[in-house]
Amino acid sequence: MQPGLRAAFAGAALALGAAVYQPPAKAAEISIACGALGVEFQLCKEGAEAWAAESGHTVRLVNTPNSTTERLALYQQLLAAGAEDIDVFQIDVIWPGMLANHFIDLRPYSNGAEAEHFSAIVENNTVDDKLIAMPWFTDAGILYYRKDLLEAHGKTVPETWQELTETAAAVQAAERAKGNDKLWGFVWQGKAYEGLTCDALEWIDSFGGGAIVDAKGKITINNDKAAAALDMAAGWVGTISPPGVLNYAEEEARGVFQSGNAVFMRNWPYAWAPANSADSPVRDKVGVAALPKGGPDGKNSGTLGGWQLAVSKYSANPEAAASLAMYLTSAAEQKRRAITGSYNPTIASLYQDEEVLYANPFFGSLYDTFTSAVARPSKIAGAKYNRVSNEFWNATHAVLSGKMDGATSLAQLEKKLKRISRNERW
Ligand code: GLC
C-alpha cells in the first residue's frame, strides 16, 4: 500500500469508529516479586523499568520477605489460591521441585537463550521437560575476612575451620584488650531457617560428612563426621560468635561485619558490593576466600544457592511476563547486576569479562567454588524438600543452642527423615 493511501485508509477506519479500528495491543502491567538483600531491590527496579521503557508495558515491583523460608510460605499461599497478583516470581534454586506446577514452560519464549547458561542450573530448572524458570544469578557460600586485622596481628587467611577458630579468637582477644570491645571473631547465619541449612551443610560436607541425603535417596546424615562438624560450630556460639548469632540471617551477619565488628563472616557474594560502597566502614579492607576445609584431608565446601525467574500460570499476561523474565536474565542485565551488585552471573562467558572481574576479583579466583558448590538435596526430595530442610535446621539449631550434642541430634534427625521419605522411597 502506498503511504498516502495508507494514511487515507487509517483515517477512514478511524472515522468508522471502534467497530473497524483496531487499537494497538493494550500495554500490560506486569508485577514482579524481587528480593531485597543488599542492593537487590534497586537493581531489580532499574532493570524492570528499562524493560518497560523498551516494551511499552509497565511494571510493578512487589516487596517480599528477606528470609527465603518466609518468602516460600508467601508464594505458596498466593500460588495455591491461583492469585493473579504476581506475574514474575523470583524463585530459589531449591524450589523447582516444590513449585513447578504453578509456572509456565518458558521455552516457547526463550529463543534457546537457556543454552548460554550453566547447564546444571538449566537442568535444575527443568521439570517434566518444561523449563519452568530462567537462571538469574547463582550463589555459593564464601568467607569474608578483614585484610587489615589479619595483617595487624600477623595472621594468614585460615585454611581449616580449626585455624579459623584460633585466628578469630586471637584477633578478637587482642583487639578487645586494646579497647575494641565490640569486635567478634566470626559471624554467620545461625537462625532456624533455610540459611542455617546452607551454613551447616558447608561445615558437614567440608568434614566429608555428606549432604544429608545422597543422590540415590539414602539418608546419610547420621555419621560421626557430621556430628563433629556440628559440635565444632556449637563451640563458636558465645566465644568467637555473639550469642545473638542464633538469630542471625544474612543481613544481620552483614550488618555486624560491615560496621567493622567482625574479623570473619560467612555470606553469599551479594555482601561484597555493599561492603565496598562509598559509605562502608570496611571499604577496601575486605578479602574473600573459599570457606575453610574440615581438616587437612577435608575439602572446601560452599553451598549452592541462587535465584531464577519464573512466570506464573495464573498470569493474565504470560507473554509480556515472559518477555520481562527473558530481559532480566539476559547477558547484558546479568553483567550490569554483577558490576553494580556483585550478583554472580549464570552465563559462563561473563566470568571472563574484564569489567565484571575488575568489580569482583573473586569471581575469577573462586570460579571453582561457584561451579562445584555442594547442592542441597532438593532434587531427590522434590516436593518434600522443605520438610527435610526444616528438620535439618531444627536439629542443627538444637546443637548450636546447647540442647543436645551432635550425635544425639543427628540420630533423632535420621529417624524423622526416614518417616518423611517413607523409608528412603521418597
Ligand atoms: C541465598 C541463596 C539461596 C538460599 C538462601 C538461604 O539467597 O541464594 O539459595 O536458599 O540464601 O538463606
Side-chain angles (χ1 to χ4, degrees), residues 33-41 43-44 63-76 89-99 117-118 120-121 124-125 133-144 187-203 205 211-212 245-255 265-274 291 301-310 329 334 337-338 341-346 363 366 369-371 373-379 381 385-390 392-394 396-397:
C34 315
L37 267 68
V39 288
E40 199 176 14
F41 198 76
L43 282 178
C44 180
N63 233 315
T64 56
N66 272 345
S67 157
T68 185
T69 301
E70 285 167 34
R71 209 184 289 179
L72 176 63
L74 172 73
Y75 283 10
Q76 280 176 324
F89 282 82
Q90 177 178 337
I91 69 163
D92 200 331
V93 69
I94 49 179
W95 295 348
M98 287 184 264
L99 302 180
H117 298 253
F118 289 128
I121 308 181
N124 180 70
N125 297 355
M134 277 300 289
W136 201 14
F137 62 95
T138 187
D139 254 345
I142 49 178
L143 181 72
Y144 290 81
V187 291
W188 37 280
Q189 293 73 42
K191 178 174 160 177
Y193 79 122
E194 183 64 31
L196 178 55
T197 289
C198 298
D199 286 40
L201 175 58
E202 285 158 355
W203 312 326
D205 186 51
I212 311 167
V245 78
L246 293 179
N247 223 1
Y248 280 13
E250 286 82 2
E251 287 291 80
E252 286 79 19
R254 182 171 74 84
M265 168 174 72
R266 182 272 177 209
N267 216 322
W268 308 99
Y270 86 93
W272 173 257
L291 287 163
S301 179
T303 295
L304 175 70
W307 293 83
Q308 346 292 319
L309 290 179
T329 55
Q334 291 207 3
R337 292 172 54 88
S342 59
Y343 287 97
N344 281 59
T346 57
F363 280 16
L366 295 185
T369 302
F370 296 120
T371 50
V374 53
R376 286 161 276 174
S378 54
K379 195 106 197 164
Y385 173 72
N386 200 45
R387 286 169 65 199
V388 169
S389 185
N390 203 310
F392 177 62
W393 79 59
N394 281 335
T396 301
H397 204 267

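Because the structure is predicted, anything quoted here is derived from the model rather than measured. Start at 1 and go down the list; that is how both ligands and their atoms are numbered. Residues: numbered from 1 along the sequence shown.
At least one heavy atom of Y193 sits less than 4.0 Å from an atom of ligand 1. Taking a 4.0 Å cut-off on heavy atoms, R376 registers as neighbouring ligand 1.
Look at R376 and E194 and you find a salt bridge, because one of the NZ, NE, NH1 or NH2 atoms lies within 4.0 Å of a carboxylate O, short of that distance.
Ligand-side atoms of ligand 1 in range of G195: 6 (C), 12 (O), range being under 4.0 angstrom from any heavy atom. Near G305, meaning under 4.0 Å from one of its heavy atoms, ligand 1 places the atoms 2 (C), 8 (O), 9 (O). Per-residue contacts place T68 under 4.0 angstrom from the following atoms of ligand 1 (heavy atoms of the residue considered): 5 (C), 6 (C), 10 (O), 12 (O). Per-residue contacts place E194 under 4.0 angstrom from the following atoms of ligand 1 (heavy atoms of the residue considered): 10 (O).
Nearest to atom 9 (O) of ligand 1 among the protein's heavy atoms is D92 OD1, 2.6 Å. Counting only heavy atoms of the protein, atom 11 (O) of ligand 1 lies nearest to W268 NE1, 3.1 Å. Annotation: atom 12 (O) of ligand 1 to nearest protein heavy atom, E250 OE2, 2.6 Å. Looking only at protein heavy atoms, the nearest one to atom 2 (C) of ligand 1 is D139 OD2, 3.4 Å. Taking atom 7 (O) of ligand 1 as the reference point, the nearest protein heavy-atom neighbour is W307 NE1, 2.9 Å.
Below 3.5 Å of separation, one finds an N or O of G306 facing an N or O of ligand 1.
For the pair W188/W203, a side-chain contact is recorded, criterion being any heavy-atom separation below 4.5 Å from C-beta on. You'll find the side chain of L99 stays beyond 4.5 Å of the side chain of F89, heavy atoms only.
Within the cation-pi definition used here (under 6.0 Å to the ring centroid, within 45° of the axis), R337 qualifies as a partner of W136.
Between the side chains of N390 and N394, at least one donor-acceptor pair of N or O atoms lies under 3.5 Å.
Considering every non-hydrogen atom in both P345 and F118, the closest pair reads O-CE1, 3.7 Å.
For the atom pair W393 CH2 and T69 OG1, the distance stands at 4.0 Å (nearest 0.5 Å). Here the OH atom belonging to Y270 is positioned 12.0 Å from the CH2 atom belonging to W307, to the nearest 0.5 angstrom.
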